[in-house]
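The structure appears below as structure tokens.
Computed over heavy atoms, backbone and side chain alike; hydrogens, waters and symmetry mates excluded. Proteins come first, then strands; the chains are lettered A, B, ... in the order of their sequence lines, and each starts at number 1.
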Protein chains: 2
Amino acid sequence: MPVTSAPGSPPTGRARLADVAALAGVSVGTASKALNGGGRMRPETRQRVLDAVAELGFRPNQHAQSLHSGRSWTVGLMTTDGIGRFSTPVLLGAEDALGAGKISVLLCDTRGDAIREQHHLRNLTDRRVDGIIVTGRRTDPRPPLVGIDPRIPVVYALSPSTDPTDTSVVTDDRGGARLAMEHLLATGRTTVAHVTGPEHHQAARERARHAREHLAAAGLEPATGRVHFGEWSEAWGRRAADAVLRTAPLTDAFFCGNDQIARGVADTLRERGIGVPGDVAVVGYDNWDTMALACRPPLTTIDMNLTEIGRIAALRLLEAIDTEPAPGVYTVPCRLVVRESS
Amino acid sequence: MPVTSAPGSPPTGRARLADVAALAGVSVGTASKALNGGGRMRPETRQRVLDAVAELGFRPNQHAQSLHSGRSWTVGLMTTDGIGRFSTPVLLGAEDALGAGKISVLLCDTRGDAIREQHHLRNLTDRRVDGIIVTGRRTDPRPPLVGIDPRIPVVYALSPSTDPTDTSVVTDDRGGARLAMEHLLATGRTTVAHVTGPEHHQAARERARHAREHLAAAGLEPATGRVHFGEWSEAWGRRAADAVLRTAPLTDAFFCGNDQIARGVADTLRERGIGVPGDVAVVGYDNWDTMALACRPPLTTIDMNLTEIGRIAALRLLEAIDTEPAPGVYTVPCRLVVRESS
DNA sequence: AAGTCACGGGCAAACCTTTTCCTGAAGACG
DNA sequence: CGTCTTCAGGAAAAGGTTTGCCCGTGACTT
């Protein structure tokens, strides 16, 4: 009967430890020890306390616990740019890993606005969060949080901090590009075009660089002799596919910077009557299911394991919370997902 | 110099109200009143306290405040099913509205698992959240949270509660269907097919019902005489378009249950050489930009104003927190977004 | 000049749990 | 039988803020 409360408890309506103690016939301190395993006491006494807890439906007041311990059992999750396709899996991974440690996630969306970021940072500091995870949609490095209380550990996920003494968890663009190229070469392709996003995005540059390097290691060159930088859109994929086929009609594979581009490429190929994967293979990047699965044919693609990035960021943060922070950049490997486009 | 701290404050490293009081030469209680506007005191005294606050960089300890007030200035946001396309905007709208009230959002993802839901609910209760918003991806009603402490107000967003004495905020499927049909009829279409998702989804049923009613009111019938229920996928859109054109070649408009279906329909039309919107108009539902904008041509579609749903849910929750809850179902109107497909 | 009043500000309780230190009693050992 | 140790459990401080109540002082009233 959790509704009943010991005499004298009414104010909050919830049973306090004092009520438990009274019911068990012990002092408050003893009741606390009985619950937390500390102190020495007769097993039967402990049991009496536990029974009282059950009878009253007692749950400790976390505000009081936090006040005493200085910990809030809460971490802030700041997403730099909305809560989109990239930050969501990171967020879920983090929530999952933290939830196991009884820690909850406080969500802060800055919408890419520095003012808002400051505001949230203050809020989180005031709440005495145990730590903060910062994540963004881009993989480009970002400046560290400004004015952060040095006692609050921070982990940057996906977008690393520009400060190397911070802790960051990032995706392995190099490995991703390698997986894609190895796959294409292993399946007999030799004339590979690379179509990707804007050159000012690090992700585009890195993937392109490593794709080229991998080709070069096999004694090959990109189909058109260069990388096609553009936008992260289907429309660009379609345009670029046209351009590539005009310049290098013998192209037998496209490695694309993301799944949208890949889908655009696949659409153009299909509309031109070129068989995928019969004549030309297409490999995307992101494993964004709504794109990859809806594509005709479904896309072979690189999965960045974003959930894993979130999980690892959370684990690093947990480490930093109760031991010393281990600065540095942690790289999470990608995964090749083979579907029918290659 | 926020780093300096009054003598005796070291334990936490952060300035306490006691330090402020000491520096200002007043008692702790007076300092508190000076900050919170309460109590009567000489303006210069208040100013001295404010100066001390500034000098020490004092920020009140929220754990202590919460302990005292019983409020956590936090609400839980439970998403029933991942954090997807539907819950994200709701979440952002809620965060926005709550942030204005100094309230933060605690994120709980149940992954559709009842055990997890219980676990999170307990966690939120233990944290003494001020309220809870429950949201899901489907618009079908869901059973209310079980075992919820009646003192914690709850608002259901998107997925209403099956209990009419709860507070729910939902989308206006009827209005959405009406907007779409009015638009099509107003632009001269007379033979409209409706292709939508599975019949066991309320959203599909409702939109279909109201679309038919609206046609009937204009003395019309669906193009094929029936509604085409299927899946929420592009593939289904493509198949359904074929089927519709076979049965009713004179069809001059498609109203689709979501943007994916609409995109599938548009693809089929284009591949058959049927002009959109010249020969046939296509209207989608959801205004999911990655679909609606990538479609050729970009889709006219219905926007459910999900962010607004989140915002209103948050406002209702704020109401319920400091006054009496106002049970009932609140309906948020949709918005027609006209693009080039109609 | 004595009584009132208002104003400024202090005191202390309350919010609830954890943890350290301490005490009283009982058992063990010489 | 006395002293030492051990053990069970209690008392109280600490963590920081808010707020109701109270008191002293100076001004004002009659």
Side-chain angles (χ1 to χ4, degrees), chain A residues 5-6 8-50 52-53 56-73 102 125-128, chain B residues 5-6 8-50 52-53 56-73 102 125-128:
Chain A
S5 56
S9 73
T12 76
R14 284 156 159 125
R16 300 162 305 174
L17 190 53
D19 302 321
V20 171
L23 184 56
V26 298
S27 76
V28 190
T30 304
S32 173
K33 290 171 203 157
L35 282 179
N36 303 324
R40 278 191 300 248
M41 63 208 311
R42 256 175 310 191
E44 60 217 67
T45 306
R46 187 181 302 272
Q47 192 53 52
R48 274 213 317 284
V49 173
L50 263 34
V53 164
L56 298 176
F58 168 79
R59 312 244 70 206
N61 183 323
Q62 291 211 359
H63 294 324
Q65 290 182 316
S66 291
L67 173 59
H68 182 266
S69 65
R71 288 199 54 177
S72 61
W73 301 97
K102 288 280 165 215
T125 309
D126 286 353
R127 287 180 183 273
R128 307 285 205 268
Chain B
S5 57
S9 72
T12 76
R14 284 156 160 128
R16 302 162 303 174
L17 191 52
D19 303 320
V20 171
L23 185 57
V26 298
S27 76
V28 187
T30 304
S32 172
K33 289 169 196 159
L35 282 179
N36 303 323
R40 276 191 301 251
M41 64 207 315
R42 255 175 311 190
E44 61 216 69
T45 306
R46 186 180 304 271
Q47 193 54 51
R48 274 213 317 285
V49 173
L50 263 35
V53 164
L56 298 177
F58 168 78
R59 311 243 73 206
N61 183 322
Q62 290 212 2
H63 294 325
Q65 291 182 317
S66 292
L67 172 58
H68 182 266
S69 66
R71 287 198 54 177
S72 62
W73 302 97
K102 289 278 163 214
T125 309
D126 285 353
R127 287 180 184 273
R128 307 285 205 268

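What separates CD of B/Gln65 from P of C/dC16 is a distance of 16 Å, to the nearest Å. Atom CZ in A/Arg40 sits about 13 Å away from atom C1' in C/dC21, given to the nearest Å. Protein atom CG of B/Leu67 is 14 Å distant from nucleotide atom C1' of D/dT19, rounded to whole Å. To the nearest angstrom, C1' of D/dG10 lies 14 Å from CZ of A/Arg48. Rounded to an integer number of Å, the gap from B/His63 NE2 to C/dC15 C1' is 15 Å. Taking atom CD on B/Glu44 and atom P on C/dG8, their separation rounds to 9 Å, with Å as the unit. C/dT17 atom P lies 16 Å from atom CH2 of A/Trp73, rounded to whole Å. Remark: C1' of C/dT17 and CZ of B/Arg127 are 16 Å apart, rounded to the nearest angstrom.
Between the side chain of B/His68 and the base of D/dT18, at least one donor-acceptor pair of N or O atoms lies under 3.5 Å. If you check distances only, the side chain of B/Lys33 does reach the base of C/dG10 with a donor-acceptor pair under 3.5 Å.
Dashed line: the shortest gap from a side-chain N or O of B/Ser66 to OP1 or OP2 of C/dC15 is not under 4.0 Å. In terms of phosphate contacts, B/Asn36 brings no side-chain nitrogen or oxygen within less than 4.0 Å of OP1 or OP2 of D/dT17. A close approach under 4.0 Å does occur between a side-chain nitrogen or oxygen of B/Ser27 and OP1 or OP2 of C/dG10. Put simply, B/Thr45 has a side-chain N or O that comes within less than 4.0 Å of OP1 or OP2 on C/dG9. Of the side-chain N and O atoms in A/Asn61, none sit less than 4.0 angstrom from OP1 or OP2 of C/dC15. Remark: B/Arg42 is not in phosphate contact with C/dC7, judged by side-chain N or O atoms under 4.0 Å from OP1 or OP2.
Taking every side-chain heavy atom of B/Pro60 into account, D/dT17 is the closest of C/dT18, D/dG10, D/dT17. Considering only side-chain atoms of A/Ser32, the nucleotide from C/dG8, D/dG16, C/dT18 that sits closest is C/dT18. Of all nucleotides listed (D/dT18, C/dT17, C/dG8), C/dG8 comes nearest to the side chain of B/Met41.
The residue among A/Phe58 and B/Gly25 whose nearest nucleotide of DNA chain C is located toward the 5' end is B/Gly25.
Under the 4.5 Å side-chain criterion, counting only non-hydrogen atoms from C-beta, A/Val49 is not in contact with A/Arg46.
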Go through the steps to decide whether B/Leu17 and B/Leu35 satisfy the test side chain to side chain contact (heavy atoms under 4.5 Å, CB included), and finish with yes or no.
CA-CA 10 Å; B/Leu17 191 52; B/Leu35 282 179; 4.0 Å; yes
CA sep, side-chain torsions, deciding dist, call: B/Arg59, A/Thr125, side chain to side chain contact (heavy atoms under 4.5 Å, CB included)
CA-CA 9 Å; B/Arg59 311 243 73 206; A/Thr125 309; over 6 Å; no
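In terms of modelled atom types and a separation under 3.5 Å, the side chain of A/Ser66 and the main chain of B/His63 share no donor-acceptor contact.
In this structure, B/Ser27 OG and B/Lys33 NZ are separated by 6.5 Å, a value rounded to the nearest 0.5 Å.
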